[in-house]
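Shown next, in structure tokens, is the structure this report addresses.
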Protein chains: 2
Amino acid sequence: MARPRIKDVARLAGVSEKTVSNVINDYTHVSDRTRRVVRDAIEELGYRVNLAGRHLRQGRTGIIALVIPELDVPYFAELARHVVREAERCSLTVLIHQTAADRDHELAALSGFGSSFVDGVILSPLALTPDDLRDRADAPPTVLIGELLEEGADHVAIDNEKAAREATAHLIGLGRRRVLVIGGRSDTGQGTAQARTRGYRAALAQAGIAYDPAALLPVESFRMPDGAEAVTRALREGARPDALLCLNDQLALGALRALYEQGVRVPEEVAVIGFDDVEAGRFSVPTLSTVAPDKGAVAKVAVDLLRRRMDEAAGSPAAGASPAAVRSPQDLVVAHSLVLRESTEGIARVPRPGAGTGSAPVAPTPSQRTPGISNS
Amino acid sequence: MARPRIKDVARLAGVSEKTVSNVINDYTHVSDRTRRVVRDAIEELGYRVNLAGRHLRQGRTGIIALVIPELDVPYFAELARHVVREAERCSLTVLIHQTAADRDHELAALSGFGSSFVDGVILSPLALTPDDLRDRADAPPTVLIGELLEEGADHVAIDNEKAAREATAHLIGLGRRRVLVIGGRSDTGQGTAQARTRGYRAALAQAGIAYDPAALLPVESFRMPDGAEAVTRALREGARPDALLCLNDQLALGALRALYEQGVRVPEEVAVIGFDDVEAGRFSVPTLSTVAPDKGAVAKVAVDLLRRRMDEAAGSPAAGASPAAVRSPQDLVVAHSLVLRESTEGIARVPRPGAGTGSAPVAPTPSQRTPGISNS
DNA sequence: AGCCAAATGTACATCGATGTAAAAACGAGC
DNA sequence: GCTCGTTTTTACATCGATGTACATTTGGCT
């Protein structure tokens, strides 16, 4: 009645345990007849391999961890979906772990959850310092996404500086001159926020617009309430922006809400643009222009790179043999595009026809996406 | 250089392997001195237990699976966060698995991913049939959340029928008479959608309003595009609702967008109410009234129940001894409340003051929640 | 001092699957 | 029929941690 073991299969099939193992693992030299007999026995007993035994023997689990700050931030959730799909293709299981942007949690993830039961880690760090990355000794292969911390670790992301430059340039091209940056940071760190802020400044410089440090509105975290609060406070303090560059879509959606509450029209008075292209931005009122990273590509590139690292780790434990070209840390850049929607374009809204709605709508369907300006 | 084993710790500490194991597992009869020596050795070597070995020996992994249809549906993401937090308290790790509402994936999850490497499963099924639940033989302990499939399985959810009745009654109380149900289903299944539809009909009946089957708008899935499409189509076909009961917030948010595009004012012309209380509904324009399940409670109750089942499974493999009271399937109901926001209340918006925003805002801050009508 | 019970530590087998090395079976060629 | 070279199969050790059963030490008491 208990779960059958390989031993039970062997007994039923009248062969040794190893032969059963050979059949399971598609070992070459097994006669067709034996293979069939064993298969039948497996079928009859409903046998399935026990991962614990295999793991102990082989030292691998087939599980990789995806470590992200918050599950309920749509960008991470959407990314997670892609990573899971991608991993499934290589029959890897993804263990999703949230760190709540907590350094200890991220550290734990880096070293494989205090035990080697994941074969690799894809980590989106928020609170780690470059130092943390250095003193990991026996950590599993790791690929970072999103934040660029420093040389020394594999990393996949879009060109954040360039993307921010393009987005800002677009706002300037619309005639906007007073662009606030929600979530902007002036320090010279390696984080995404800093890179995007640099891009913003580059665009200003290119257009010959003076940079005002007060245009950077810091936020506690990158969620809707923070965006709303930052904008509300800025307006209350007398800011008169004609555009907002929000460093992610959550901030932008919060900002849209705050602008609405303050009676500021978007995009007529203030244009708004975000980052990430989350689904909610396609249905907000107004719909949200945004920098769209190719999430599928981020996931694919990250998983591919991680797999290479895992193979290396497994293949040559006594390192050195493999070509330095692959072993040296990779910093891979993924494509992004600028998706323009109502929050920057000012698509005319259907005038209110009393309660009637018989006429065909003029506004675009929300799912309709502007082709966008693709980067290299 | 390789990862240290228990053997290495034992050698360094000058004790047997078992003693090290005893220290690690807080066995009672270990002298303080020995304990300290072993602890120091562990510290010095940076030893950490290997899960594979422990798992093989104990037959447990300390991992539970949370199986949900889609990670990027905010409700599931928010729920997942709570489940992870709750599990962390009992030092359980959560493996999140998405099924894409695919029956095969859900089945695989039910039987523990083709191997016994998770100790338990919390499953939010969408495509499973009651039959599937019956023929699972050696599946790990399982708790269902959300959908009520049938007797025979542990289950945690809000009282969906009652919640829908309350929500509908509230709409009727606002004077609305033509309430459409986005995502409504008239069949007599055990799903959430059916339960909510029954609640809707009950409320109509109670108010003496005739039920029109055409008021149920079926959807392909429960996401924003589906909500938008359903509403757009209904309006185009001549429907003249004065309220929408959307069976989740995603549908409602899509509906809000569609109504906006059609020039229909919310809530003046059409009141809208959703289910789930996702964060986006607190920042939409207008903000979204919704049935708010106590997600923290759902997570807590589900994890607690699962732990009981896991203990039972571990304690008495040859069942029978434990009291039937606990072993019989539980069907636990969690509290919900009705959160009223702009989409039903019609809070006055600040009139557009040109570009000025100097005056204090009148609208409530988005995070401000109406206390709500709590159920039992 | 002498004894007994409780406290503490150890050797060894075990969980399940698989790599290793070697035995057994098979087939071809003379 | 016998040898040699392959193919197929097997016995056994192994991965790392821990339960079992027993050995040893400790301490309290008479």
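Because the structure is predicted, anything quoted here is derived from the model rather than measured. Throughout, protein chains are lettered first and strands after them, A, B, ... in sequence-line order, and every chain is numbered starting at 1.
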Fill in the blank from the handout: Quick note, A:Arg5 side chain, CB onward, closest among D:dT10, C:dG9, C:dA17 is C:dA17
Handout entry: Nearest-neighbour nucleotide for the B:Leu56 side chain, D:dA17, D:dT9, C:dC15 considered
Key = C:dC15
Completion exercise
note: A:Asp32, atom CG; D:dT8, atom C1'; distance rounded to Å ~ 12 Å
Handout entry: Candidate nucleotides C:dT18, D:dT18, D:dT9, ranked by approach to the side chain of A:Ile6 - the nearest
Key = C:dT18
Exercise for the section: Compare side-chain N and O positions of A:Ser31 against OP1 and OP2 of D:dT7 and report whether any pair is under 4.0 Å apart. Expected result: no
Exercise for the section: Send over the distance from B:Asp8 CG to D:dG16 P, rounded to a whole Å. Expected result: 9 Å
Exercise for the section: Respond yes when some side-chain nitrogen or oxygen of A:Thr19 is under 4.0 Å from OP1 or OP2 of D:dT10, and no when none is. Expected result: yes
Practice task
Before accepting this row, confirm whether a basic side-chain N of the pair B:Asp8/B:Arg48 lies closer than 4.0 Å to the acidic partner's carboxylate O.
Solution key: no
Problem - For atom NE2 of B:His55 and atom C1' of C:dC15, their distance in whole Å - result: 10 Å
Exercise for the section: Find the distance A:Arg60:CZ to C:dA17:P and express it as a whole number of Å. Expected result: 19 Å
Problem - Rounded distance in Å - NZ (A:Lys7) to P (C:dT18) - result: 15 Å
Problem - N/O (side chain, A:Arg54) to phosphate O (OP1/OP2, C:dG16) under 4.0 Å - result: no
Practice task
Ignoring backbone atoms, establish whether A:Asn25 has a side-chain N or O less than 4.0 Å from OP1 or OP2 of C:dT18.
Solution key: yes
Exercise for the section: Respond yes when some side-chain nitrogen or oxygen of A:Tyr27 is under 4.0 Å from OP1 or OP2 of C:dA17, and no when none is. Expected result: no
Exercise for the section: Figure out the CZ/C1' separation between A:Arg33 and D:dT8, and round it to whole Å. Expected result: 11 Å
Problem - Side chain proximity check, A:Tyr75 to A:Lys295, heavy atoms < 4.5 angstrom - result: yes
Practice task
Could you please name the option among C:dG9, D:dT9, C:dA17 that lies closest to any side-chain atom of A:Thr34?
Solution key: D:dT9
Practice task
May I ask you to say whether A:Arg36 pairs ionically with A:Asp40, meaning some side-chain N is under 4.0 Å from a carboxylate O?
Solution key: no
Handout entry: Short N-O contact, B:Arg85 and A:Asp72, less than 4.0 angstrom
Key = no
Handout entry: Atom pair distance, as rounded to whole Å: NE2 in B:His29 and P in D:dG27
Key = 15 Å
Practice task
May I ask you to say what A:Val15 touches in the nucleic acid, namely base, sugar-phosphate or nothing, with a heavy-atom cut-off under 4.0 Å?
Solution key: sugar-phosphate
Handout entry: A:Glu86/A:Arg89 salt bridge by N-O under 4.0 Å criterion
Key = yes
Practice task
Round to a whole Å and report the spacing from CD of A:Glu17 to P of D:dT8.
Solution key: 21 Å
Exercise for the section: Identify whether the distance between the nearest side-chain nitrogen and carboxylate oxygen of B:Arg307 and B:Asp311 falls below 4.0 Å. Expected result: no
Problem - Closest to the B:Lys18 side chain, choosing from D:dA11, D:dT8, C:dT10 - result: C:dT10
Practice task
Select base, sugar-phosphate, or nothing to describe what B:Arg57 touches, counting heavy atoms under 4.0 Å on all strands.
Solution key: base
Problem - Which nucleotide in C:dG9, D:dA17, D:dG19 has an atom nearest any side-chain atom of B:Val49 - result: D:dA17
Exercise for the section: Using heavy atoms to find the nearest nucleotide of DNA chain C for B:Gly53 and A:Ile24 separately, return the residue whose nucleotide is more 5′. Expected result: B:Gly53
Problem - A:Gln58 side chain near C:dA17 phosphate (N/O to OP1/OP2, under 4.0 Å) - result: no
